[in-house]
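Data block below; observations after.
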Amino acid sequence: MLDLAVLRKNPELLKKKLQDRFYDIDVDKLVEMDKEIRKNKSVLDELLASRNKLSKEIGKRKAKKEQADDLIKKVNETADKIKKTEEEYNKKHEEFMNIWLLVPNMIDDSTPIGKDESDNVEIRKWGDIKEFGFKPKEHFELAAELDMLDFERGAKLSGSRFVVYKGLGARLERALINFMLDLHTKEHGYKEIIPPYIVNENVMVGTGQFPKFRDEAYETGGQYLIPTAEVPLVNLHREEILKEDDLPIKYAAYTACFRKEAGSYGKDVKGIIRQHQFNKVELVQFTKPEESFDALEALTNSAERVLQLLGLPYRVVVLSSGDIGFSAAKTYDIEVWLPGQNQYREISSCSNTLDFQARRASIRYKGKEGKTYFPHTLNGSGVAVGRCLVAVLENYQQEDGSIKIPEKLIPYFGDKEIR
RNA sequence: GGAGAGGUGGCCGAGUGGUCGAAGGCGGUUGACUCGAAAUCAAUUGUACGCCCACCAGCGUACCGCAGGUUCGAAUCCUGUCCUCUCCGCCA
């Protein structure tokens, strides 16, 4: 949620920012609605004030055992008007919020303007792309030969886009999770969290999934399966006022994630690149506003270190205005090199949402002088575990179809190779 | 799943229809004392929205889990709902 001050003081800026994202929202109408709501509020407050005053007067008279019928009559005359004004105010306010919650964050000036992912800008590359003396296979071919992934049985149990990890496949996934969590908690200063996987509706609103992306979420008994640990981690401090000294707060969590992937029909149908359920290690930070962009760099670097230590080549791109997510002002995607696909694929997405989520979830902190502020929230994958497993398989495959395990992962995996 | 108790400000805790945004305590902040700290004393200390002025400030409204209702007036009464705790049952 944006600061209403933008709407009141600089609607032209908001219009431009929405245009950059190719959003079609009637800003003038919002300005008009906001004005009307404030007017209503003033009228309502005055009515209530006069009622309160009279009621107190009645109380005083009754205490003195005096008649107050004339005052009661007077108050009763305004009762109808108060009710009507209040109802109208509530209705208008709700109408306004229904639209306001659909307004995306304003992109930062460093976010390139562009219509989609083809306008993302490469920032840097890391690692040497290995020359194979043979045609590298895709991960699902390798996994099939090594009996690591079972798509048929995944489909039997749960339908398409579900998979069963088997044997060394399951072990490799688990090793990656532990490796990542240890790295972030022991070396990057994150506190490990195991959050609930099912959350309430307002929690989904807090991080920006709802109301706009309701179709993406699995619902269960009026609650929702988390599409990312970002949701419970950011909302951990919803409706709280933190202390300035508490910041920055850094959380890391491994969770399964659940997404309906509506609208991605026909995309990535083979393998585990796009699943309804997948594992992810997530990083979240709460920072002071002036520190959030430095924190975004640090958070992205922390995610990159996972790939560096595993020896997986990648590049970092900054997302364009047409590709960036709803809540983010600036986002770096980390794309890992997949030799089997012969292309870079997203393995992490690191975003600064500024105070957008903090406002939605009502997360504040009290500064040293006693004023309350909204912290900035950041989130990033550190990294997507399934896609990381794909990257390990494809980058470390040998001509005979076996997989070498990256040096740093061996203590976690317990073997030097899979064959 | 059954039975009972309870949800009040950062925390503890009083308050059962009227000057209660709410006693008291703890904590926080500021000042005095002190070379400094502790102790002590004094003052101050909720959130959101709106109005007004932006030097400090000031005014109004709402909020005592949440949503309704009764009433001139609700933290207090009524209804619904959510949550927490205790005991029993079940269970990883």
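The chains referred to below are lettered A, B, ... by the order of the sequence lines, with proteins before strands, and numbering in each begins at 1.
Side-chain proximity of A/K60 to B/U19, B/G18, B/U47: nearest is B/U19.
Across all strands shown, B/C63 forms a Watson-Crick or G-U wobble pair with B/G46, both key distances being under 3.5 Å. Here B/A75 sits opposite no nucleotide as a Watson-Crick or G-U wobble pair (both hydrogen-bonding atom distances under 3.5 Å). Nucleotide B/C20 forms a pair with no other nucleotide shown, judged by Watson-Crick or G-U wobble geometry with both contacts under 3.5 Å. The nucleotide B/G4 finds its pairing partner in B/C85, both defining distances of the Watson-Crick or G-U wobble pair being shorter than 3.5 Å. Within the shown strands, nothing qualifies as a pairing partner of B/U70 under the Watson-Crick or G-U definition with both distances less than 3.5 Å. Using the Watson-Crick or G-U wobble rule with both distances under 3.5 Å, B/A38 pairs with nothing in any strand shown. Nucleotide B/C91 forms a pair with no other nucleotide shown, judged by Watson-Crick or G-U wobble geometry with both contacts under 3.5 Å. Across all strands shown, nothing is found opposite B/A14 as a Watson-Crick or G-U wobble partner with both distances under 3.5 Å.
Within 4.0 Å of A/S362, counting heavy atoms only, lies no atom of the nucleic acid at all. Residue A/K366 is in sugar-phosphate contact alone, with no base atom involved, counting any heavy-atom pair closer than 4.0 Å across all strands shown.
To the nearest whole angstrom, the two P atoms, one in B/U84 and one in B/G15, are 26 Å apart. If you take atom P in B/G17 and the same atom in B/C90, they sit 45 Å apart, rounded to whole Å. For B/G46 and B/C64, the C1' atoms lie 12 Å apart once the distance is rounded to whole Å. Going from the P atom of B/U76 to that of B/G68 covers 14 Å, rounded to whole Å. One P atom belongs to B/G73, the other to B/A54, and the distance between them is 38 Å to the nearest Å. Spacing between B/A32 and B/A22 at atom P, rounded to whole Å, works out to 29 Å. Comparing the P positions of B/G2 and B/G21 gives an interatomic distance of 41 Å, to the nearest angstrom. Between B/G65 and B/G6, the two C1' atoms lie 11 Å apart (nearest whole Å).
Residue A/K243 contributes atom NZ, which lies 14 Å from atom P of B/G27 at whole-angstrom precision. Rounded to an integer number of Å, the gap from A/R364 CZ to B/G46 C1' is 10 Å. Distance, A/N200 CG to B/U84 P: 10 Å, rounded to whole Å. In this structure, CZ of A/F374 is placed 7 Å from P of B/A48, rounded to the nearest angstrom. Here the C1' atom of nucleotide B/C49 and the CG atom of A/D3 are 13 Å apart, to the nearest Å. One interatomic measurement links the two molecules: CG of A/L47 to P of B/C72, which rounds to 17 Å at whole-angstrom precision. If you take NZ of A/K56 and C1' of B/A74, they are 14 Å apart, rounded to a whole angstrom. Here the C1' atom of nucleotide B/C49 and the NZ atom of A/K39 are 18 Å apart, to the nearest Å.
Here A/D70 does not pair with A/K74 in a salt bridge; the nearest charged N to carboxylate O distance is not below 4.0 Å. Using a cutoff of 4.0 Å between basic side-chain nitrogens and carboxylate oxygens, A/K330 and A/D108 are not scored as salt-bridged. Residues A/E12 and A/K15 are paired through a salt bridge, judged by an N-O separation under 4.0 Å between the basic side chain and the carboxylate.
Pairs engaging residues 206-216 of chain A under the salt bridge (charged side-chain N to carboxylate O under 4.0 Å, His left out) rule: A/E201-A/R214 [sequence neighbours left out].
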Base versus backbone protein contacts along nucleotides 61-71 of chain B [heavy-atom cut-off under 4.0 Å; B, S, -]: BS---------
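The distance between the ring centers of A/H276 and A/F258 does not fall below 6.0 angstrom.
Checking the phosphate oxygens (OP1, OP2) of B/C51, a side-chain nitrogen or oxygen of A/R38 falls inside 4.0 Å. Of the side-chain N and O atoms in A/R8, one or more sit less than 4.0 angstrom from OP1 or OP2 of B/G50. Proximity of A/S42 to the phosphate of B/C52: no side-chain N or O atom is located under 4.0 Å from OP1 or OP2.
Partner of A/E88 under the salt bridge (charged side-chain N to carboxylate O under 4.0 Å, His left out) criterion, out of A/K84, A/K91, A/K92: A/K92 alone.
A cation-pi arrangement is present between A/R171 and A/F413 under the rule of less than 6.0 angstrom and at most 45 degrees off the ring axis. A/K250 forms a cation-pi arrangement with A/Y190, by the criterion of a distance under 6.0 Å to the ring centre and an angle within 45° of the ring axis.
For the pair A/G59 and A/I72, nearest-nucleotide mapping onto RNA chain B gives the more 5' position to A/G59.
Residues forming a side chain to side chain donor-acceptor pair (under 3.5 Å) with A/K280 (at least two apart in sequence, or on another chain): A/T228, A/E282.
Under the 30°/60° scheme for interplanar angles, the aromatic rings of A/Y89 and A/H93 are found to lie parallel.
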